Amino acid sequence: MSAPALTPVVVRLKLSLLRNGLKQSGGRKAAYIASAVFALLFAALQLLGLVALRGHAHVESLVVLAVAVLGLGWAVMPLFFPSGDETLDPTRLVMLPLRPQPLVRALLTASLVGIGPLFTLCLLVGSVIAVARGGAAFAVGVVAVALALLVCVAFARAVAAANVRLLSSRKGRDLAVLSGLVIAVGAQVVNFGAQRLGSAGLGELDPVADVLQWVPPASALGAVHAVGEGSYGLAAVQLALTAGALVAALAVWSRHLTRLMTSPDGSTLPTAESAAREGSSSGLGRLLPSGRTGTAMERSLRYVWRDPKTKTAWVTSLALGLIVPVFNAWQGTGSVYIACFAAGMLGIQMYNQFGQDTSAFWMVAMTISSRRDAYVELRARALALLLITLPYATLVTVVTTAMLGDWRRLPEALGLTFALLGAMLATGAWTSARFPYSIPQEGYKNVAPGQTGLAWISIFGGMIAAAVLCGPVIALTIWLNVSAGGEDWTWLLLPTGTVYGAALTVLGLRLAAPQTARRLPEILGAVSKG
């Protein structure tokens with residue numbers, strides 16, 4: 001009796017994993033359905049938009065760029081979201097008697113099942129309709145769509161197989177922190193590009209498209225356009241490039257798959273040299289104050305460097321805090337005051353300080369027996385934050401001012417930045433004691449179930465309170481800028497904002513200390529729920 005074909009079995013396995021995953025909870029099912037509806041709606045609108053652009057003089061440049069970005073997204077997706085698809089990990093099949101080549105075919109076919117491939121298919125079909133001219137171009141378009149879709153999926157599988165040992169380790173999961181940076185940079189690049197295209201037209205994309213039409217999978221769409229122009233030789237070369245990229249990706253995938261199925265996993269075992277180096281690392285502690293203050297500061301800084309969730313939040317805040325002011329200044333539409341955005345993004349890290357400790361907070365709670373202990377603990381956490389936020393916010397403000405060339409407003413921009421930072425440290429300390437919530441260690445959720453309301457009150461309520469507390473400095477800034485002769489005294493806003501921010505920080509810490517000491521059991525219970 002012959003064994004059943006592998007490909008149908010793997011496809012059914014993929015469908016079973018998806019179906020059983022949705023049965024785990026109603027919330028997961030609702031989230032999946034909502035994301036699927038949103039993705040398919042966006043894909044349908046994108047398809048209609050590309051069809052509407054048919055006949056535009058520069059539509060081929062837009063299509064080539066879009067497909068190139070799509071291919072890049074498929075290639076880097078496994079690095080940033082390693083747990084997004086359980087079937088991306090072929091090590092789950094190492095105990096089965098499977099040969100690499102049939103397994104590659106089966107997994108490639110199973111990879112075509114899902115929202116991502118359907119979204120990609122819609123974009124590719126719309127792209128072909130937008131650029132194809134004549135029956136021959138549409139015939140080539142059918143081949144181009146199939147090749148481009150398979151290249152995208154093969155890229156994702158090859159990257160996942162090449163890095164699966166790393167991605168399945170704890171250090172590998174830290175790569176996900178880069179997703180915040182990529183999303184932040186990508187959003188600003190798209191925003192900037194859309195504004196440029198709105199004013200200059202799609203012709204701005206022609207130089208980039210001339211290069212990308214030779215890069216798979218975008219070369220497949222370049223072939224469709226070339227056939228419509230009568231350049232059959234050029235189209236054949238571009239299709240051959242896409243097919244070659246598919247063969248190369250499958251070969252890389254098959255080689256890494258063979259290695260994974262036949263070699264032991266030693267990627268997560270530390271060497272004696274790295275362990276000794278880790279154990280002897282104490283330079284940070286020597287630079288910090290002695291006693292409880294230095295210990296708490298070092299603990300907070302190590303969380304920033306080692307804890308994946310904390311690191312993700314910091315990377316995203318640092319990236320957005322720089323990108324938003326700099327991109328606005330680059331476009332010539334911003335002002336020096338938008339540099340305060342950096343202080344706002346970094347000040348958020350003071351909120352829910354005890355929730356960042358999760359269940360380990362009980363060790364900290366055991367050392368707090370008085371208001372003084374609570375005050376020193378909160379002060380140390382604020383100082384650890386200031387070690388990063390103060391120089392960074394200053395740097396962003398100076399860079400933004402330099403790009404705008406408005407040096408006269410630098411003192412008042414710095415004064416507002418320091419006042420806002422002090423206000424957010426103050427409100428963050430108080431809300432950390434009054435509205436703590438748990439941060440789950442697994443998955444991508446940042447709030448434990450049932451505590452969403454606490455998170456909203458803590459973060460958004462605290463931000464509103466911080467804005468209100470900055471009211472006096474904002475009012476003084478406006479008054480000096482509108483009153484006669486007041487501009488000569490705007491330099492006073494720098495020392496005023498600095499002193500005011502420091503005073504707010506001290507006041508917030510002193511008000512939060514008794515709350516922390518009194519509510520230790522409630523705080524411990526709240527942050528341990530995840």
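Model, not experiment: these values are computed from the prediction.
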**OP:** Start with the C-alpha distance between Thr490 and Arg409, add both sets of side-chain angles, then the distance that settles side chain to side chain donor-acceptor pair (under 3.5 Å), and finish with yes or no.
**Re:** CA-CA 8 Å; Thr490 53; Arg409 298 192 184 276; over 6 Å; no

**OP:** Could you please spell out the steps behind the side chain to side chain contact (heavy atoms under 4.5 Å, CB included) verdict for Val364 and Phe354?
**Re:** CA-CA 9 Å; Val364 178; Phe354 306 129; 5.7 Å; no

**OP:** Could you give me the CA-CA distance, side-chain angles and deciding distance for Leu385 and Gln353, then say whether side chain to side chain contact (heavy atoms under 4.5 Å, CB included) is met?
**Re:** CA-CA 11 Å; Leu385 235 99; Gln353 275 292 307; 3.8 Å; yes

Subject >> Verdict with supporting geometry, Met297 and Thr295, side chain to side chain contact (heavy atoms under 4.5 Å, CB included) >> reply: CA-CA 5 Å; Met297 290 178 66; Thr295 302; over 6 Å; no

**OP:** Before giving the answer on side chain to side chain contact (heavy atoms under 4.5 Å, CB included), spell out for Met424 and Leu346 the whole-Å C-alpha distance, their side-chain angles and the decisive distance to 0.1 Å.
**Re:** CA-CA 9 Å; Met424 297 200 73; Leu346 297 175; over 6 Å; no

Original post:
When you look at Gln349 and Ser317, which way does the side chain to side chain donor-acceptor pair (under 3.5 Å) test go after all the steps?
Top reply: CA-CA 8 Å; Gln349 304 308 316; Ser317 296; 2.7 Å; yes

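Using a cut-off of 4.0 Å between Lys/Arg side-chain N and Asp/Glu carboxylate O, Glu522 and Arg434 are scored as not salt-bridged. Of the charged side-chain nitrogens involved, at least one lies within less than 4.0 Å of a carboxylate oxygen, so that Arg381 and Asp357 count as a salt-bridged pair.
Thr431 places none of its side-chain heavy atoms less than 4.5 Å from the side chain of Met350. With contacts defined as side-chain heavy-atom distances shorter than 4.5 Å, the pair Val396/Pro325 qualifies. At least one side-chain heavy atom of Trp253 sits less than 4.5 Å from a side-chain heavy atom of Leu107. Inter-residue side-chain proximity for Val336 and Leu410 is flagged as unmet; no heavy-atom pair is nearer than 4.5 Å. Leu301 places a side-chain heavy atom less than 4.5 Å from the side chain of Ile388. Looking at Tyr337 and Thr477, their side chains come closer than 4.5 Å, going by heavy atoms from C-beta outward. Using a 4.5 Å heavy-atom threshold, the side chains of Met345 and Val324 count as separate. In this structure the side chain of Thr394 reaches within 4.5 angstrom of the side chain of Phe418, judged on heavy atoms.
Legend: residues meeting side-chain hydrogen bond (donor to acceptor under 3.5 Å, both in side chains) with Tyr392, ordered by chain and number and at least two apart, are absent.
Remark: side-chain polar atoms of Lys14 are paired, donor with acceptor, to backbone N or O of Val113 under 3.5 angstrom. Looking at Thr293, its side chain never comes within 3.5 Å of a backbone N or O of Pro289 through a donor-acceptor pair. No donor-acceptor distance shorter than 3.5 angstrom exists from the side chain of Thr310 to the backbone of Val304, with no hydrogens or angles considered.
In this structure, Phe435 and Trp430 have perpendicular ring planes: the angle between them is above 60°, well past the 30° mark.
For Thr120 and Trp74, the side-chain atoms include at least one donor-acceptor pair closer than 3.5 Å.
The salt bridge (charged side-chain N to carboxylate O under 4.0 Å, His left out) analysis of residues 313-341, with sequence neighbours excluded, yields no pairs. The stretch residues 464-513 participates, sequence neighbours left out, in no ring-ring contact (aromatic ring centres under 6.0 Å, His included) pair at all.
Heavy atoms from other residues, nucleotides or ligands lying under 6.0 Å from CZ of Arg519 number more than 12. Within a 6.0 Å sphere centred on CH2 of Trp407, heavy atoms belonging to other residues, nucleotides or ligands number more than 12.
The two residues Phe119 and Ala39 have their closest heavy-atom pair at CD1-O, 3.6 Å.
Between atom CG of residue Leu414 and atom OG1 of residue Thr401 there is a gap of 7.0 Å, rounded to the nearest 0.5 Å. Atom CD1 of Ile523 is separated from atom CZ of Arg518 by 10.0 Å, given to the nearest 0.5 angstrom. Note that the CG atom of Leu70 and the CG atom of Leu65 stand 11.0 Å from one another [nearest 0.5 Å]. Residue Ser458 holds its OG atom at 5.0 Å from OH of Tyr437, rounded to the nearest 0.5 Å. Between Asp373 atom CG and Arg292 atom CZ the span is 5.0 Å, to the nearest 0.5 Å.
A cation-pi arrangement is present between Arg510 and Tyr375 under the rule of less than 6.0 angstrom and at most 45 degrees off the ring axis.
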